[in-house]
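Data block below; observations after.
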Amino acid sequence: MNELDAMVDSARAGFAQAATPADLENAKAQYLGKSGRITELMKGMAALPVEEKKTRGAAINVAKQAIEAALNARRQALADAELETQLKAEALDVSLPGRQRGPGGLHPVSLTLERIEAIFSSQGFEVAEGPEIESDWFNFTALNTPEDHPARSMHDTFYVEGGSDKAPNLLRTHTSPMQIRHAVQHVKRYRAALDAGLPMPEIRVIAPGRTYRVDSDATHSPMFHQCEGLWIGENVSFKDLKVVFTDFCRTFFESDDLVLRFRPSFFPFTEPSAEIDIQFQSGPLAGRWLEVAGSGEVHPNVVRNMGLDPERYIGFAFGMGPDRLTMLRYGVNDLRLFFDGDIRFLSQFR
Ligand code: PHE
């Protein structure tokens, strides 16, 4: 093998060993660079006689072209390999099922709350919200609940540390504290009119939200929902309560085939008080009395705690259970299903 063929072979071997483009450029410099072997051979030709120059030049050129060809082939091979690794790293398995964004939906109890709000709004009620961490005053005392009332005991109420209006110390056991909170705000807004003996616009409000009691079984959850209703004016009677609530129930359940019963009961903050039961006249629940709310004429002591004169202002309040209404509306028999977060259950209400 002549010296030029040997050089081409060693160039090929050098290029083949280059693992990266940078290695390859270094290897190239050894042959084709400024002081590379080919360049040196070219320079060396200056000393040759003219005849030899021709043949020698041609031979060197053949070698040079062979080296350049080997270089380009190796460059291409390295570039191909790089592309290959990149493609592997970014590989997509187009046979996998696509990732979809499932359609969302409101929780069934939220659907009920929206429904309640829409129905009462159409009857001229405002919708108010209040804190879930409440003070003893708003949750019990202002609602005419005696110090020794059983609902205050540790068995029913979740207490937290603290214990003043500034440091609320319990999770509200009902939405009734919103009667006081909302009425006090309302009275403040119309204080000047009241002081001047002018009539005050009626208080007509519902207050939906979460409430808490130490209780847990198929029909009781430690966290549940209530919706308070309050209507106070100069001439608001039990009759109005009956009209408003009957109308609400029939609209909510989309049925006139529904009767209501106001069953005498007791709440410290209403007098007289009544549980409201409903009965469907047809369908799967027909014939059973179902309790849906507590209610009554607001107690004079409570009216006073609202900042109003009970001789002049009177009205009714009710507190209903949206969870219960949801169960009845959709035929669900275990309350806990609402709060387990099982998507198979919840997606049925989409
Ligand atoms: N707050 C009562 C309860 O939780 C319900 C109620 C509200 C009763 C308003 C009368 C008036 O059971």
Side-chain angles (χ1 to χ4, degrees), residues 113 116 120 125-132 134-146 149-153 155-158 170-184 203-215 219-233 236-246 248-249 260-278 290-306 310 313-325 335:
L113 292 173
I116 293 172
F120 278 100
F125 281 74
E126 286 179 64
V127 179
E129 273 185 39
E132 290 169 27
E134 224 358 319
S135 69
D136 209 70
W137 166 258
F138 285 112
N139 196 80
F140 293 123
T141 314
L143 290 165
N144 198 37
T145 309
H149 193 279
R152 292 194 181 217
S153 88
H155 301 294
D156 287 311
T157 308
F158 286 107
L170 53 84
L171 300 182
R172 64 179 178 187
T173 57
H174 51 179
T175 43
S176 300
M178 277 307 289
Q179 287 185 34
I180 307 289
R181 285 186 178 274
H182 183 80
V184 164
I203 298 172
R204 218 183 292 178
V205 69
I206 59 163
R210 278 183 281 268
T211 45
Y212 303 84
R213 283 183 208 175
V214 184
D215 219 348
T219 51
H220 296 89
S221 148
M223 186 287 297
F224 58 105
H225 294 83
Q226 275 200 350
C227 181
E228 199 72 8
L230 178 70
W231 187 345
I232 300 277
V236 184
S237 72
F238 211 97
K239 176 203 70 188
D240 298 303
L241 166 63
K242 284 186 142 180
V243 170
V244 164
F245 211 84
T246 303
F248 163 74
C249 289
L260 277 76
R261 173 172 83 176
F262 291 76
R263 179 165 41 89
S265 185
F266 172 80
F267 297 101
F269 33 94
T270 46
E271 182 59 39
S273 305
E275 306 282 356
I276 307 177
D277 302 332
I278 60 171
L290 309 157
E291 187 182 317
V292 290
S295 67
E297 283 285 293
V298 179
H299 194 286
N301 288 348
V302 176
V303 173
R304 204 171 286 116
N305 287 333
M306 293 171 174
Y313 291 96
I314 188 165
F316 64 78
F318 58 79
M320 62 176 148
D323 305 328
R324 193 77 207 286
L325 294 179
L335 175 68

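Just the heavy atoms: all of them, side chains too, but no hydrogens, waters or symmetry mates, feed the values below. For ligands, and for the atoms within them, numbers begin at 1 and follow the listed sequence.
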Next item on the list: Start with the C-alpha distance between Phe316 and Phe238, add both sets of side-chain angles, then the distance that settles ring-ring contact (aromatic ring centres under 6.0 Å, His included), and finish with yes or no.
Entry: CA-CA 7 Å; Phe316 64 78; Phe238 211 97; 8.2 Å; no
Note every protein N or O atom lying under 3.5 Å from an N or O atom of ligand 1, pairing the names and giving the distance.
residue	atom	partner	partner atom	Å
ligand 1	1 (N)	His174	ND1	2.9
ligand 1	1 (N)	Ser176	OG	2.9
ligand 1	4 (O)	Arg213	NH2	2.8
ligand 1	4 (O)	Gln226	NE2	2.9

Notebook entry, point to check: Should we say atom CZ of Arg261 is surrounded by more than 12 heavy atoms from elsewhere, each under 6.0 Å from it?
Noted result: yes
Notebook entry, point to check: With distance as the sole criterion, is a donor-acceptor pair present between the side chains of Thr173 and Asp156 under 3.5 Å?
Noted result: no
Acceptor/donor pairs from residues 221-230 side chains to any protein atom, 3.5 angstrom cut, sequence neighbours excluded:
residue	atom	partner	partner atom	Å
Ser221	OG	Met223	N	3.2
Ser221	OG	Met223	O	2.3
His225	ND1	Asp323	OD1	2.9
Gln226	OE1	Thr175	N	2.9
Gln226	OE1	Thr175	OG1	3.3
Glu228	OE1	Thr175	OG1	2.8
Glu228	OE1	Ser176	N	3.2
Glu228	OE1	Ser176	OG	3.3
Glu228	OE2	Ser176	OG	2.7
Glu228	OE2	Gln179	NE2	2.7

Margin query: Once side chain to side chain contact (heavy atoms under 4.5 Å, CB included) is applied, do any residues pair with Ile180, and if so which ones, sequence neighbours excluded?
Written below: Phe138, Ala142, Leu143, Val184, Val302, Asn305, Met306
Item checked: Set of salt bridge (Lys or Arg N to Asp or Glu O under 4.0 Å) partners for Arg152, sequence neighbours left out -> Asp136, Glu147
